[in-house]
Amino acid sequence: MPELPEVEILARHLRPLLQGRTIQSVKIRQPAVLEPTSPTCFKRQLRGAKFLGLTRRGKYLLFELRAKTSRTRFVLLGHLGMTGRMFLAHKHRPLPKHAAVVLNLGAKNFIYDDTRYFGRLTLDLTPVEKLGPEPLEAAFTPEHLARELKRSRQPVKVKLLDQSLVAGIGNIYASEALFLAGISPRRAANRLTRAQVTQLWRAIREVLGEAIEGGSTIPLNFSVHDSDGLFYYGSAAGEDDFYTERLRIYDRAGQPCLHCHTPVQRIVQAARSTFFCPRCQKA
DNA sequence: CACCATGTTCCTTG
DNA sequence: CCAAGGAACATGGT
């Protein structure tokens with residue numbers, strides 16, 4: 001469940017579990033997720049390396065490691081795509097069907113599982129260089145947002161998915177932020193008023209911040225104890241209901257708007273679903 | 001069989 | 001060079 005808030009929650013969860021652990025061996029079951037890094041290069045670099053830290057940038061996870069022989073630091077980049085999960089599990093647990101990469105840490109394995117294999121676990125860091133500012137940090141200002149939106153005639157909803165504008169907003173939170181800001185997703189990015197830009201800026205931060213808080217304070221939303229007593233990100237029974245209950249507009253087509261009870265509309269923009277209230281978010 | 005799915009990149013077109 | 005649109009990637013759920 002990977003947009004910025006979910007990735008942030010995962011990073012906070014994994015950080016203390018990985019810190020100080022050494023990779024004993026590496027199993028690659030789906031080489032495509034390493035691209036453009038080769039399996040040979042990947043194994044050579046990771047075997048014997050130790051986890052020093054873990055940070056997040058947009059929807060990416062940056063695993064900081066120290067190499068075995070050279071003692072040099074390097075970064076392993078992770079991305080969950082649409083269906084990726086990363087978690088620790090006891091070494092004797094059977095691997096999930098779509099486990100793409102398994103890092104043996106001794107008693108436990110670090111598993112990257114991804115049904116559709118759209119995600120990445122790679123040594124290539126170039127995607128991170130193209131990202132815009134972090135939406136919850138000081139570099140993301142209303143002025144930045146205004147300047148970037150001015151350059152585009154695309155619908156504002158589509159533009160919010162551009163990771164070079166601001167990093168971490170995905171299809172769900174784009175709809176959520178526009179709903180909170182009371183702006184139509186169809187409005188051309190460069191035609192928002194100054195007041196709307198400020199509203200949108202505020203809404204983006206509120207929606208993402210709230211999702212991190214909500215997800216991180218309620219254990220059921222993000223983890224469940226497996227038979228080994230280990231945390232497991234995702235796939236908790238009842239999680240989907242819980243998760244969607246927190247969303248105000250996404251996936252609510254036909255249901256009454258929480259503000260005015262007008263039926264929520266679903267439209268398609270850039271081949272992706274957008275949800276909005278035609279009354280609260282007028283064009 | 002149809003359509004839908006939390007993402008990104010590549011290719012084409014203008 | 002840039003903006004914008006669409007296909008591709010691969011698998012599963014309804």
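Chain letters run A, B, ... following the sequence lines, proteins first and then strands; every chain starts at 1.
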Can you tabulate the close N/O pairs, meaning under 3.5 Å, that link protein atoms to atoms of nucleotides 8-14 of chain B?
from	atom 1	to	atom 2	distance (Å)
B/dT8	OP1	A/H79	NE2	2.9
B/dT8	OP2	A/K59	NZ	2.9

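Between B/dC11 and C/dA10, the distance separating the two P atoms is 15 Å to the nearest Å. With P as the reference atom, B/dA2 and C/dA7 are 16 Å apart, rounded to whole Å. C/dG12 and B/dT9 are spaced 24 Å apart, taking the P atom of each and rounding to whole Å.
A salt bridge does not link A/E3 to A/K59: none of the charged nitrogens lies less than 4.0 Å from a carboxylate oxygen. Between A/K50 and A/E64 there is no salt bridge, since no side-chain nitrogen of the basic residue lies less than 4.0 Å from a carboxylate oxygen of the acidic one.
For C/dA4, one of the phosphate oxygens OP1 or OP2 lies less than 4.0 angstrom from a side-chain nitrogen or oxygen of A/S152. For C/dA10, the OP1/OP2 oxygens have no side-chain nitrogen or oxygen of A/H98 closer than 4.0 Å. A sub-4.0 Å separation between OP1 or OP2 of C/dG12 and a side-chain N or O of A/K97 is present.
Whole-Å rounding puts the A/Q269 CD to C/dA4 P distance at 13 Å. C/dG13 atom P lies 17 Å from atom CG of A/D251, rounded to whole Å. Atom pair A/M82:CE and B/dA5:C1' shows a separation of 5 Å (rounding to whole Å applied). If you take CG of A/L165 and P of C/dA3, they are 12 Å apart, rounded to a whole angstrom. Here the C1' atom of nucleotide C/dG5 and the CZ atom of A/R153 are 15 Å apart, to the nearest Å. Straight-line distance from the CD atom of A/Q154 to the C1' atom of C/dC2: 12 Å, rounded to whole Å. Atom CG in A/D114 sits about 13 Å away from atom P in B/dG7, given to the nearest Å. The distance from atom OH of A/Y250 to atom P of B/dC4 is 12 Å, rounded to the nearest whole Å.
Here CZ of A/R191 is found 13.5 Å from CG of A/L149. Values are rounded to the nearest 0.5 Å. The OG atom of A/S273 sits 11.0 Å away from atom CD1 of A/I172, with the distance rounded to the nearest 0.5 Å. Atom CZ of A/F118 and atom NE2 of A/H79 lie 12.0 Å apart (nearest 0.5 Å).
Comparing C/dA3, C/dT11, B/dT6 by their nearest atom to the side chain of A/Y117 picks out C/dT11.
With hydrogens and angles disregarded, a donor-acceptor distance shorter than 3.5 Å links the side chain of A/Q19 to the backbone of A/L52.
In this view, A/H144 satisfies the ring-ring contact (aromatic ring centres under 6.0 Å, His included) rule with no residue, not counting sequence neighbours.
Under the Watson-Crick or G-U wobble criterion, with both distances below 3.5 Å, C/dC9 is paired with B/dG7.
In this model, a side-chain donor or acceptor of A/R116 finds a partner on the base of B/dA5 within 3.5 Å.
Mapping A/R151 and A/A271 onto DNA chain C by nearest heavy atom places A/R151 at the nucleotide closer to the 5' end.
The aromatic rings of A/H259 and A/F179 lie parallel to each other, their planes meeting at an angle below 30°, with 60° marking the opposite boundary.
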